[in-house]
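Notes follow the structure.
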Amino acid sequence: MHLSQQLKSKLIDVLGFELNWNTKNSPDYGSLMNTINIDEAVQQEFETIPIDDKKVSQTLKKQALHQWRQEIINEILQSDYIDILQEYQDENIDADDELTFGDLLDDLFITNAEDFSQLYGDRITDSFKRDVSIHKDIVRLFNKESKSGYLKKEGSISLLFFIITQRYKIPTTKISSRRNNSDYFPLLNTAEIFFDILGKVKDEMNIVQDSIQFEKKTNLIYTFQAASFLDKGNRKNERNIKAISTFSLLDDLGLKFYLIENFDWCLDHSLSSTSTLFKWKYIIVPCLVEFLKINFELDNKRYSTEGELAADSTENKIERIKKIGRLYFVLEDRSRNEEILSIADKVFLEGRKMKNSDNFLKVTRSLEKMKKSVKALEADFKSPFEKVAYDGKDIVQLLVFERARKYLSSINLD
């Protein structure tokens with residue numbers, strides 16, 4: 001889903017974001033989190049949901065910081081910054097520490113398949129607990145995903161995992177239509193293998209992006225959790241399954257599972273709760289990223305990776321790299337690694353206890369339909385609102401309520 005700069009600016013004005021930070025100083029992750037205030041945006045407009053607003057605010061802020069960090073990585077990779085990083089490897093990113101451009105390169109990228117194999121190869125192979133040879137898969141990963149010989153470390157494990165599972169025909173998304181206990185076990189085993197790999201590399205890299213990419217492609221962790229919840233509560237009707245599938249709109253596993261705990265309210269207030277999910281995902285998170293860019297003087301209007309920046313001097317580009325390089329390190333939160341692995345462990349434990357695969361199969365099918373409905377709606381988010389002026393907070397209500405109604409209608413839950 002894409003919101004124009006103009007619409008983001010209008011939304012930022014009415015969402016009430018605050019940043020109590022002196023941008024001339026170098027922040028750390030914890031202090032940056034504490035100085036961002038989005039409470040008004042989370043609380044306003046919608047019927048009160050019986051959940052902890054502070055918990056939601058913290059989660060959405062973490063999502064925005066992660067998304068911003070990924071944009072910084074992509075900016076470095078897709079511009080001519082790499083040439084500068086190579087040429088000025090001894091240049092300090094910040095006068096207050098010893099991190100250099102060379103450190104930034106090493107932390108961000110891997111430059112050849114042999115290095116990747118040495119770093120992660122044995123641990124990945126061991127997790128499969130079967131005879132797999134992955135060197136060809138690593139080479140294929142580099143040929144497909146690297147740019148100018150550079151492969152992003154973050155997200156590379158999941159990309160390689162799907163190459164391996166495809167070649168060895170290891171199931172990742174499909175189960176048979178037979179409804180017996182063994183149907184979902186192969187998929188549970190697949191998820192366990194993947195998160196076992198992440199557990200082995202968690203001390204060396206941020207695994208958040210890998211977990212997001214894995215879940216976006218498979219939905220396995222959420223499907224097991226949702227099916228287990230439905231199984232234990234004997235909630236097998238179609239309305240329950242459609243409602244719980246809607247939570248998968250969100251990227252954060254912890255927040256999705258937290259909403260499951262308030263499932264009955266969300267089911268009884270489907271329009272209000274779905275509108276809230278749309279607001280969190282499509283309004284608050286992307287607008288908060290833009291708000292932070294503006295406040296740190298890194299918004300695209302002032303610094304474009306094409307046009308004015310491309311024609312800028314090397315000295316200005318070096319200063320830009322220092323700014324975004326400093327933030328790249330600041331925006332990493334390794335504590336989320338343990339949170340993700342802990343959630344996965346709990347899901348695997350519950351998944352082994354499920355009595356049959358009936359709910360798993362139904363949730364899987366419901367998620368497939370939901371994805372199609374959401375994809376059709378995402379393009380609709382920017383039209384006609386890009387061209388029409390709305391005043392005050394009504395613009396947020398108008399954006400999300402209409403889309404929520406269309407979504408609920410498309411899955412017959414209105």
Side-chain angles (χ1 to χ4, degrees), residues 1 59 62-78 107-110 116 119-120 123-124 127-128 134 137-138 140-147 150-168 170-174 187-188 190-202 204-225 247-257 281 285-286 289 328 331-334 336-341 343-344 347-348 364 367-368 370-371 374-375 378:
M1 195 274 294
T59 301
K62 288 180 180 180
Q63 285 185 244
L65 294 183
H66 173 76
Q67 183 175 315
W68 188 15
R69 189 167 183 269
Q70 294 306 304
E71 291 184 14
I72 287 172
I73 295 172
N74 290 332
E75 179 181 343
I76 294 173
L77 184 62
Q78 295 177 6
D107 203 75
L108 278 168
F109 306 118
I110 300 178
F116 189 100
L119 283 170
Y120 310 121
R123 285 175 285 180
I124 293 172
S127 292
F128 279 92
I134 64 171
D137 302 309
I138 294 174
R140 183 182 172 191
L141 172 69
F142 265 82
N143 290 339
K144 183 179 180 181
E145 300 293 341
S146 65
K147 295 183 179 180
Y150 286 83
L151 177 72
K152 292 187 291 185
K153 287 184 182 179
E154 293 184 22
S156 63
I157 298 295
S158 56
L159 294 173
L160 176 63
F161 183 80
F162 290 124
I163 292 174
I164 296 170
T165 53
Q166 182 182 39
R167 186 160 73 92
Y168 283 94
I170 298 171
T172 57
T173 57
K174 300 291 184 182
L187 292 174
L188 187 62
T190 299
E192 287 177 331
I193 291 169
F194 178 73
F195 281 90
D196 184 63
I197 295 171
L198 293 190
K200 291 176 179 177
V201 302
K202 66 180 175 62
E204 301 162 40
M205 63 186 296
N206 189 311
I207 64 172
V208 175
Q209 187 62 21
D210 280 297
S211 68
I212 290 174
Q213 290 175 184
F214 177 83
E215 193 64 6
K216 278 187 175 180
K217 186 174 179 67
T218 69
N219 274 315
L220 284 180
I221 299 301
Y222 184 71
T223 304
F224 278 114
Q225 180 70 5
F247 296 161
S248 68
L249 277 167
L250 303 173
D251 289 333
D252 188 85
L253 288 172
L255 185 54
K256 287 189 281 193
F257 294 175
K281 180 179 178 70
V285 172
V289 173
Y328 163 79
L331 296 176
E332 182 176 28
D333 178 19
R334 287 285 179 92
R336 296 191 70 190
N337 287 2
E338 295 295 345
E339 292 175 14
I340 290 166
L341 294 173
I343 288 171
V347 170
F348 298 147
T364 299
L367 286 172
E368 289 175 353
M370 184 275 293
K371 279 185 174 181
V374 170
K375 186 175 182 180
E378 285 185 341

Of all the heavy-atom pairs spanning Leu187 and Thr173, show the shortest one and how long it is. CD2-N, 3.7 Å
Leu341 vs Leu198 side-chain heavy atoms within contact, under 4.5 Å: yes
Find the distance between CG (Leu255) and CD (Gln63) and round it off to the nearest 0.5 Å. 6.5 Å
With heavy-atom distances below 4.5 Å as the criterion, would you say the side chains of Tyr150 and Leu108 are in contact? no
Report yes or no: do Lys152 and Asn74 form a side-chain donor-acceptor pair below 3.5 Å? yes
Kindly state whether the ring of Phe161 and the ring of Phe195 have centres lying under 6.0 angstrom apart. no
Any chance you could lay out the side-chain contact (heavy atoms from CB on, under 4.5 Å) test for Ile197 and Ile157, step after step, and finish with the verdict? CA-CA 8 Å; Ile197 295 171; Ile157 298 295; 3.7 Å; yes
Check Lys281 with Asp251, please: is the shortest side-chain N to carboxylate O separation under 4.0 Å? yes
Test of understanding: with salt bridge (Lys or Arg N to Asp or Glu O under 4.0 Å), list the residues that count as partners of Arg336, not counting sequence neighbours. Asp252
Which value, rounded to the nearest 0.5 Å, describes the distance between Asn219 atom CG and Glu368 atom CD? 9.5 Å
Any side-chain heavy-atom pair from Val201 and Asp210 closer than 4.5 angstrom? no
Side chains of Val347 and Leu220 in contact at under 4.5 Å (non-hydrogen atoms): no
Side-chain heavy-atom pair Phe194, Thr165 within 4.5 angstrom cut-off: no
Output the distance between atom CD1 (Ile343) and atom NZ (Lys256), rounded to the nearest 0.5 Å. 9.5 Å
What is the distance from atom CG of Leu249 to atom CG of Leu367, rounded to the nearest 0.5 Å? 10.0 Å
Smallest heavy-atom separation, Ile221 atom then Glu215 atom, equals N-OE1, 3.2 Å
Distance in Å, Ser156 OG paired with Phe142 CZ, rounded so as to fall on 0.5 Å steps: 8.0 Å
Indicate yes or no: at least one non-hydrogen side-chain atom of Tyr222 is less than 4.5 angstrom from one of Phe257. yes
Check Asn206 against Arg334 and note the closest heavy-atom contact, atom names and distance. N-NE, 3.7 Å
Is it the case that the side chain of Lys202 and the backbone of Ile207 share a donor-acceptor pair, with hydrogens and angles ignored and the cut-off at 3.5 Å? no
Under the side chain to side chain donor-acceptor pair (under 3.5 Å) test, which residues partner Gln67, sequence neighbours left out? none
OH of Tyr328 to CD of Glu75, rounded to nearest 0.5 Å, is 14.0 Å
Glu154 side chain reached by Gln70 side chain, heavy atoms, under 4.5 Å: yes
Student check: side-chain heavy atoms of Val208 and Arg69 closer than 4.5 Å: no
Is there a donor-acceptor pair under 3.5 Å between the side chain of Gln209 and the backbone N or O of Gly155? no
Apply side-chain contact (heavy atoms from CB on, under 4.5 Å) to Phe116 and Ile124, showing your working. CA-CA 11 Å; Phe116 189 100; Ile124 293 172; 4.2 Å; yes
Return the minimal non-hydrogen interatomic distance between Ile170 and Thr190, and the atom names on each side. CG2-OG1, 3.5 Å
Partners meeting salt bridge (Lys or Arg N to Asp or Glu O under 4.0 Å) with Lys200 (sequence neighbours left out): Asp196
If I compare all heavy atoms of Met205 with all of Tyr120, which pair ends up nearest, and what's the gap? SD-OH, 3.9 Å
Please report the shortest heavy-atom distance between Ser248 and Met370, naming the atom on each side. OG-CE, 2.6 Å
